[in-house]
Protein chains: 2
Amino acid sequence: MTGVTDAQQHAWRELVMATHLLDEALDRQSQRDGGMPHAYYKLLVLLYESPGHGQTMSGLAAQLRYSLSRLTHAVTSMERSGWLRRSRSADDRRVQTVSLTDAGVTVVRRVSPLQASEVRSRVFARLSDEQVNQLAAIGSAIVAGLDAGPTERDSDRLND
Amino acid sequence: MTGVTDAQQHAWRELVMATHLLDEALDRQSQRDGGMPHAYYKLLVLLYESPGHGQTMSGLAAQLRYSLSRLTHAVTSMERSGWLRRSRSADDRRVQTVSLTDAGVTVVRRVSPLQASEVRSRVFARLSDEQVNQLAAIGSAIVAGLDAGPTERDSDRLND
DNA sequence: ACAACTTAGTTGAGGGTTCAACTATTCCCC
DNA sequence: GGGGAATAGTTGAACCCTCAACTAAGTTGT
């Protein structure tokens, strides 16, 4: 008795398909407009919104929920592309501070309106204001459920 | 004037984070319980639910919204793993029919309850019945907006 | 002050996905 | 019935991500 209702089953399938299509659409658009995967673009945007357009590797990884390894590969690649630069911190020499270059700032400013327009026309055009609020609530519940790794799976005390 | 409201912005960020965490969680779980990425598991499930546990490449690709190339690579890999088998159709020799092996059936039956339990405890445990219905509606609106590729992007007649 | 531990980040191998080019078969139709 | 065009699927290279092992620098306890 796994106890998943039909309504849950249906919602689940829609959700999984929606996330699949969303990921594809985002990647394709970031690739087309910015020449990078969406995961990289999110990193640029986060840097853009950070004080001084810069942050440490660990800080970025924590906010994006990327592994440090993934972030290292990403930063290495984007550094080659000229969008950002690394610099070792003076007081703690393990720490790398990553910051946007001018080219990085430029690309964010160029791509983000395109991204916004696409999001608006392909997603929000079909949702009522009420659904937008529902989506925010549901999204944050899902984030809460998935964030911070696998806890107890078998014991499962939450809902018996 | 990109015209994205604050509420939309907020909902968007929750949605993007939720899909990111969801993808990661699904992949990690499929990898742990079934030794394959979630995209592969979805393919097995679709085959499992198909008449005779079989379908053509194009049929699978269409229902999963995978490219044929992706599907070819996936099927090649899963054939090596022994979960499915290809066979060329007799009447149209371009067509490949893919079908589950006994091992494939077994792995679906073994993994799916684990998957369901995880989904229930990590996602649906935090959503009310009403939110489940809202999620289904929102998910299907998003699928509708993203399915069937980029149409007009600049003209954007839907909402002016 | 030295060893053990923790924190910050890197590396490389392995596997998955995309994209563009390609083969093979069937359809259309004149 | 033969020459395009469409359909079905494959291939290989490039790129991204994961995982496990690793280096380097700081922290702690004694």
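- When all heavy atoms of B/I138 and A/L135 are compared, the closest pair comes out as CD1-N, 3.9 Å.
- Listed for the B/R88 side chain is a donor-acceptor partner under 3.5 Å among the backbone atoms of B/R93.
- Non-hydrogen atoms lying under 4.0 Å from DNA chain D are contributed by B/M57, B/S58, B/L68, B/S69, B/T72, B/H73, all within residues 49-80 of chain B.
- Between the CD atom of A/Q29 and the CG atom of A/L114 there is a distance of 6.5 Å, given to the nearest 0.5 Å.
- Qualifying salt bridge (Lys or Arg N to Asp or Glu O under 4.0 Å) partners for A/R110, counting only residues two or more places apart in sequence or in other chains: none.
- Residue A/H38 contributes atom NE2, which lies 15 Å from atom C1' of D/dC16 at whole-angstrom precision.
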Atom pairs, N/O to N/O, protein against nucleotides 5-7 of chain D, distance under 3.5 Å?
residue : atom : partner : partner atom : Å
D/dT7   : O2   : B/R94   : NH1          : 2.8

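- From one end of the helix from C/dA1-D/dT30 to C/dC30-D/dG1 to the other, with five pairs defining each end axis, the axis direction shifts by 20° (rounded to 10°).
- Applying the ring-ring contact (aromatic ring centres under 6.0 Å, His included) test to every pair with at least one member in residues 66-97 of chain A, sequence neighbours left out, gives these pairs: A/Y66-B/H20.
- Counting heavy atoms from C-beta on, the side chains of A/Q115 and A/L26 come closer than 4.5 Å.
- Taking A/R94 as the reference, A/D92 meet the salt bridge (Lys or Arg N to Asp or Glu O under 4.0 Å) condition, with sequence neighbours excluded.
- A pairwise comparison of heavy atoms in B/R70 and B/A39 identifies NH2-CB, 3.4 Å as the closest pair.
- Listed by residue number, the members of residues 84-92 of chain B with any heavy atom below 4.0 angstrom from DNA chain C are B/D91, B/D92.
- The closest donor-acceptor contact from the side chain of B/R122 to the backbone of A/G145 lies under 3.5 Å.
- On the nucleic acid side, DNA chain C has its first and last nucleotide under 4.0 Å of a heavy atom of chain B at C/dG16 to C/dT26, going 5' to 3'.
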List, one per line, each side-chain donor-acceptor pair under 3.5 Å for residues 53-62 of chain A, sequence neighbours excluded.
residue : atom : partner : partner atom : Å
A/H53   : ND1  : A/Y48   : O            : 3.0
A/Q55   : OE1  : A/Q63   : NE2          : 2.9
A/Q55   : NE2  : A/S50   : OG           : 2.9
A/T56   : OG1  : A/G59   : N            : 3.0

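- Looking only at atom types and distance, the side chain of A/D27 has no donor-acceptor partner in the side chain of A/Q31 under 3.5 Å away.
- With sequence neighbours left out, the salt bridge (Lys or Arg N to Asp or Glu O under 4.0 Å) criterion links B/R86 to B/E79.
- Scanning all heavy atoms of the two residues, the minimum distance from B/L127 to B/V132 falls at CB-CG2, 4.2 Å.
- For B/A74, the side-chain contact (heavy atoms from CB on, under 4.5 Å) criterion is met by B/Y40, B/L43, not counting sequence neighbours.
- For the side-chain contact (heavy atoms from CB on, under 4.5 Å) test, residues two or more places apart in sequence or in another chain that qualify with B/E14 are A/S140, A/V143, B/H10.
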